[in-house]
Structures are given as structure tokens and as C-alpha cells.
**Student:** 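Pasting a structure here, questions to come.
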Amino acid sequence: MKKLLRKAAPLLLTLVSVAGAAVIALHLLHYYHDEPWTRDARIGADVIQVAPDVSGPVTELAVTDNQAVQREQVLFIIDRTRYVLALRQASSALMERRALLAQARREAERDHTLRDLISRELVEQGHAKLEQAQAAVDTAEAALDVAQLNLDRTVVVSPVNGFLSDRSVRVGDYVAAGRPVLSLVDGSSYHVAAYFEETKLRRVRIGQRVDLRIMGEPGTMTGHIESIAAGIEDRDRADGLHLLPNINPAFNWVRLAQRIPVRIAIDQVPKDLRLIAG
């Protein structure tokens, strides 16, 4: 009996090894072929281009490259001299318009008192002059508000909590209104843009929990599927000469599965992990 067991031991060991290898192979086959996973993914984030609302030379720079910034934190200041003068000018113009309005109001009240002694035309002219003076005051008040707004906009602040990208503006540079000079990565907009093969897409559902592993990092993040793309570009189709579908009559005999973009929201990030868009 012992001799029989000794002879059967190598065979049993071989069978156990083959069975174990088969189980591992089936597991790997299921993992790589059936489970919805992909290595084709990147961290994304909203990038905000900061452009000044007024033009002028930069007199002060309050941030450095790749710095973390908070919402309403000052980024840089534009020369305020001409905007202070414009505000004083608008204020003086408003005072002048108000004086003319007061005079027109007194004249209109006087004409109303003497309406039995003067012509109706003079009374109407007085009312028209009063309305014009009031409109002039309204215009001057709006101009004063614009001048104050322009002065306030010489101080450029961060619109979001995030991180400053490469700083391209320097003290003394002339910046133009509406032209971006800085880029900010919105710290609250980090997400993962993953591309899943169409053969695995049937197992992908909105709201599904996702494990995320970043290359070179030991920790694991968690998230959930936020949305799935509704369409992708068809590279084999184009508009023909007569605006008819121009279909490619031949293609390679090996057809790879299309990859569909899936947006994944990040729910939890390890404390020692810094997310970098891209």
C-alpha cells in the first residue's frame, strides 16, 4: 500500500498543480476578458483661463508657479492710476448732472405755479427739460458704476480653489482685457476619463462603484461612474462630393473593439496622494 502511495504521489501532485493552474487561468481569463477594466484612462480636471477684465501694466504679482490658491485670493494687480482718475471724472460728471437736474426741477415747479400766466408750450418744454436732466443723471450714475467696477477689476482674484499652472505673466507686462494670462486647475473638478472596450460596456452602469489605481502609486482610490458617452466619431464615414455618405469599401481584416469614453467621479483620495490632471 505504501509503495502504491509513493508511486501515486507524483501523479496526485501533478493533478493538483494542473487543477490549480486551470483555476488561476480561468480567473485570469474572467478578469481580463469579462470584467470591465481598462488601462486606458487619465485624470482630468477643469482648466480655467484667467483673463483680466481691464487693460494695463501689471504692478504686483501675488502668486508663484504651481501654487495652491483659494477662491477670491489675489493673483495680480493692474496699474490703478488711470482708473482712479476715471472714477474721479465720473464722480464730477455726476455732480454736474445732479446740479442741472435740481435747476430743471426748480424751473418746472415755477412754471407749474405760473401755468395760468405762461403758455402751455413753455410748461411742456420745462417738463421735457426736467426729464432730460433726469436721464442725464441716470447716465452719469451708470458711468460712475462702470468706473468703480473697472477700478475694482484691476485686482484680479482666483475664481476657484485650485492650483496655478505655469505663470506666464510678470511684473511690468502689459495685459489686455479678455486675453488669458494664467491658467488654474479647478481643485473640485478632478475626475477620471476612462475608455472601455465596447465588448465590456454592457457590464458598465451609471453609479457603479469603481476602484482606481494610479501608475506608480501604492494606494487605491474609489469612485463611481458618472456618465457614459452617447457617441463617438465614425472614422470610416465622410461626406462625399454630393453630400452623400462616403463609405470606405475596404478595411483591415482585424477589427479592434471601439473604445467608449466613460467619466468617473472620484469619491475618495488617499491623504498622501496629489492628483495631477493628465
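Just so you know, these numbers come straight off a predicted model, no measurement behind them.
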**Student:** Identify the two heavy atoms, one from K200 and one from V204, that lie closest to each other, and give their separation to 0.1 Å.
**Tutor:**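 Here K200 and V204 meet closest at O-CG2, 3.7 Å.
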**Student:** Please report the shortest heavy-atom distance between I232 and P261, naming the atom on each side.
**Tutor:**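 The pair with the smallest heavy-atom distance is CG2-CD, 3.7 Å.
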**Student:** Quick check on the hydrophobic clustering: are L149 and L85 connected, directly or via other members, by side-chain heavy-atom contacts under 4.5 Å?
**Tutor:**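 They do not share one cluster, since no chain of ILVMFWY contacts under 4.5 Å joins L149 to L85.
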**Student:** When you look at L144 and L87, which way does the side-chain contact (heavy atoms from CB on, under 4.5 Å) test go after all the steps?
**Tutor:** CA-CA 6 Å; L144 179 65; L87 180 62; 3.5 Å; yes
**Student:** What residues join V155 in its hydrophobic cluster, counting side-chain heavy atom gaps under 4.5 Å, either direct or through other members?
**Tutor:**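 Under the 4.5 Å side-chain rule, V155 groups with V74, I77, V157.
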**Student:** Can you run down the side chain to side chain donor-acceptor pair (under 3.5 Å) pairs that involve residues 75-91, sequence neighbours left out, and say none if there aren't any?
**Tutor:**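 Sorted result for residues 75-91: D79-T81, R80-T154.
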**Student:** Go through the steps to decide whether T59 and F76 satisfy the test side-chain contact (heavy atoms from CB on, under 4.5 Å), and finish with yes or no.
**Tutor:** CA-CA 8 Å; T59 58; F76 60 91; over 6 Å; no
**Student:** Under the salt bridge (charged side-chain N to carboxylate O under 4.0 Å, His left out) rule, what pairs show up with a residue in residues 175-199, not counting sequence neighbours?
**Tutor:**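 Output for this query lists E197-R259.
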**Student:** How about I266 and I264: do any of their side-chain heavy atoms sit closer than 4.5 Å?
**Tutor:**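 Side chain of I266 against side chain of I264, heavy atoms only: no contact under 4.5 Å found.
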**Student:** Side chains of S158 and L184, heavy atoms from C-beta outward: is any pair under 4.5 Å?
**Tutor:**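 When only atoms from C-beta onward are counted, L184 and S158 do touch, with a gap below 4.5 Å.
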**Student:** Under a 4.5 Å cut-off applied to non-hydrogen side-chain atoms, are L212 and T220 in contact?
**Tutor:**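 With C-beta onward as the side chain, the pair stays apart.
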**Student:** Under 4.5 Å between side-chain heavy atoms, counting indirect links through other Ile/Leu/Val/Met/Phe/Trp/Tyr residues: same cluster for L61 and I78 or not?
**Tutor:**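 The answer is yes; both residues are in one hydrophobic cluster.
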**Student:** Can you list every pair that meets side chain to side chain donor-acceptor pair (under 3.5 Å) and has a residue in residues 67-76, with sequence neighbours left out?
**Tutor:**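 Listed once each, the pairs are T64-Q67.
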**Student:** Write down the atom of V262, the atom of I225, and the distance for their closest heavy-atom approach.
**Tutor:**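 Answer, listing the atom of V262 first, then I225: CG1-CG2, 3.7 Å.
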**Student:** Would you call H224 and D267 a side-chain contact if the rule is heavy atoms closer than 4.5 Å?
**Tutor:**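 SC-SC contact between H224 and D267 confirmed.
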**Student:** Within the 4.5 Å heavy-atom criterion, are I228 and F196 side-chain neighbours or not?
**Tutor:**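 SC-SC contact between I228 and F196 ruled out.
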**Student:** For the atom pair CZ (R97) and OG1 (T139), what is the distance rounded to the nearest 0.5 Å?
**Tutor:**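 Result: 8.5 Å between the selected atoms.
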**Student:** Heavy atoms, side chains only, cut-off 4.5 Å: are E141 and L94 in contact?
**Tutor:**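 Yes; the side chains approach each other to less than 4.5 Å.
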**Student:** Are any non-hydrogen side-chain atoms of I43 and Y190 less than 4.5 angstrom apart?
**Tutor:**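 Yes; the side chains approach each other to less than 4.5 Å.
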**Student:** Would you call D211-R209 a salt bridge at under 4.0 Å N-O?
**Tutor:**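 Here D211 pairs with R209 in a salt bridge, since their nearest N and O are under 4.0 Å apart.
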**Student:** Please determine whether residues I214 and W37 belong to a single hydrophobic cluster, defined as Ile, Leu, Val, Met, Phe, Trp and Tyr linked transitively by side-chain heavy-atom distances below 4.5 Å.
**Tutor:**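 In one cluster: no.
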**Student:** Between V63 and V69, is the side-chain contact (heavy atoms from CB on, under 4.5 Å) condition met? List the steps.
**Tutor:** CA-CA 8 Å; V63 291; V69 295; 4.1 Å; yes
**Student:** When clusters are formed from ILVMFWY side-chain contacts under 4.5 Å, directly or step by step, what else is grouped with M95?
**Tutor:**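 Grouped by the 4.5 Å side-chain rule, M95 forms a cluster of one, so the answer is none.
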**Student:** Starting at CG of D65, measure out to CZ of F163 and round the result to the nearest 0.5 Å.
**Tutor:**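 CZ of F163 is found 14.5 Å from CG of D65.
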**Student:** Which atom pair, heavy atoms only, marks the closest approach of L273 to V269?
**Tutor:**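 Heavy atoms of L273 and V269 come nearest at O-CG1, 3.8 Å.
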**Student:** Are the side chain of Q208 and the backbone N or O of R205 linked by a donor-acceptor pair below 3.5 Å?
**Tutor:**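 A pair under 3.5 Å: yes.
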**Student:** Mind checking whether V171 and V169 sit in one hydrophobic cluster, side chains of I, L, V, M, F, W, Y counted as touching below 4.5 Å?
**Tutor:**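 Yes; V169 is reachable from V171 via cluster members.
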**Student:** With heavy-atom distances below 4.5 Å as the criterion, would you say the side chains of N66 and L164 are in contact?
**Tutor:**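 The answer is no, as the side chains (C-beta and beyond) never meet within the 4.5 Å cut-off.
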**Student:** Name the atoms and distances for all side-chain donor-acceptor pairs under 3.5 Å in residues 44-55, with sequence neighbours left out.
**Tutor:**
| from | atom 1 | to | atom 2 | distance (Å) |
| --- | --- | --- | --- | --- |
| D53 | OD2 | R153 | NH1 | 2.7 |
| S55 | OG | A177 | N | 2.8 |

**Student:** For the OG1 atom of T222 and the CD atom of Q268, what is their distance to the nearest 0.5 Å?
**Tutor:**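 Nearest 0.5 Å value for the OG1-CD distance: 4.5 Å.
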**Student:** Mind checking whether I260 and I206 sit in one hydrophobic cluster, side chains of I, L, V, M, F, W, Y counted as touching below 4.5 Å?
**Tutor:**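 Shared cluster, yes.
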**Student:** For the side chain of N150 and the backbone of A147, is there at least one donor-acceptor N/O pair under 3.5 Å apart?
**Tutor:**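 Not a single qualifying donor-acceptor pair exists.
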